[in-house]
Amino acid sequence: MTAFTFAQTLILPPLVPEAPRFVDSFLGIFSGSGGEVSLGALESLPLVSAVLYIPGGLIFGVAIYRARILSRWGAGVLILGTALTPLASIFPHTAGSSFAVPVGLAMMWLGYSLWSEEGKSAGHQLGRGNLKPSHAPAN
């Protein structure tokens, strides 16, 4: 998804005047509208992305929720956002991309909880606070 978003944001806009049919075909990969230009193996990208992204996001969110170390609300938003992602395919590309907002917010929320006091106490729960440097004598 990162490579697709990079291409959509930085590579395709300058190509619109030169190759509009290619740009339409590339953008049509994820919206399912296709295009006039055959993109070969890239056309299977939505299926590969869905197979990896959706279960990965759900498993990651459930693991964070069950661990009770980072924000459980953030994990819940991640689970919900990932579960809603398939709905993006029934909307036009410009509207469908808004389904990434909950996942992005969840990642920010989880990152904040990692760096906040909650995250610092989580490190001590995992035993990180009890680690000694390797050169320290053992008791």
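On a predicted model such as this, the values are computed, not experimentally measured, just so you know.
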Give the cluster check for [X] versus [Y]: same hydrophobic cluster or not, with ILVMFWY residues linked at side-chain heavy-atom distances below 4.5 Å.
X: V48; Y: I54; answer: no
X: L12; Y: V16; answer: yes
X: L87; Y: L105; answer: no
X: L80; Y: V101; answer: no
X: I79; Y: M107; answer: yes

Nearest heavy-atom approach of G81 to P102 is CA-CB, 3.9 Å
Here the pair of heavy atoms bringing A106 nearest to G74 is CB-O, 3.6 Å
Are V103 and Y53 side-chain neighbours, meaning at least one heavy-atom pair lies under 4.5 Å?
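They are in contact (side-chain heavy atoms under 4.5 Å apart), so the answer is yes.
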| query | Among pairs that include at least one residue of residues 75-88, which meet side chain to side chain donor-acceptor pair (under 3.5 Å), considering only residues two or more places apart or in two chains? | reply |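 Pairs touching residues 75-88 that pass the test: none.
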For residues 57-65, tabulate all N or O donor-acceptor pairs below 3.5 Å that involve a side-chain atom, not counting sequence neighbours.
none

Next item on the list: Kindly write out the residues that satisfy side chain to side chain contact (heavy atoms under 4.5 Å, CB included) with A7, not counting sequence neighbours, or none if the list is empty.
Entry: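 Once residues adjacent in sequence are excluded, the partners of A7 under the side chain to side chain contact (heavy atoms under 4.5 Å, CB included) criterion are I11, F26.
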| Atom pair CD1/CZ of I90 and F99 - distance to nearest 0.5 Å |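 CZ of F99 is found 6.5 Å from CD1 of I90.
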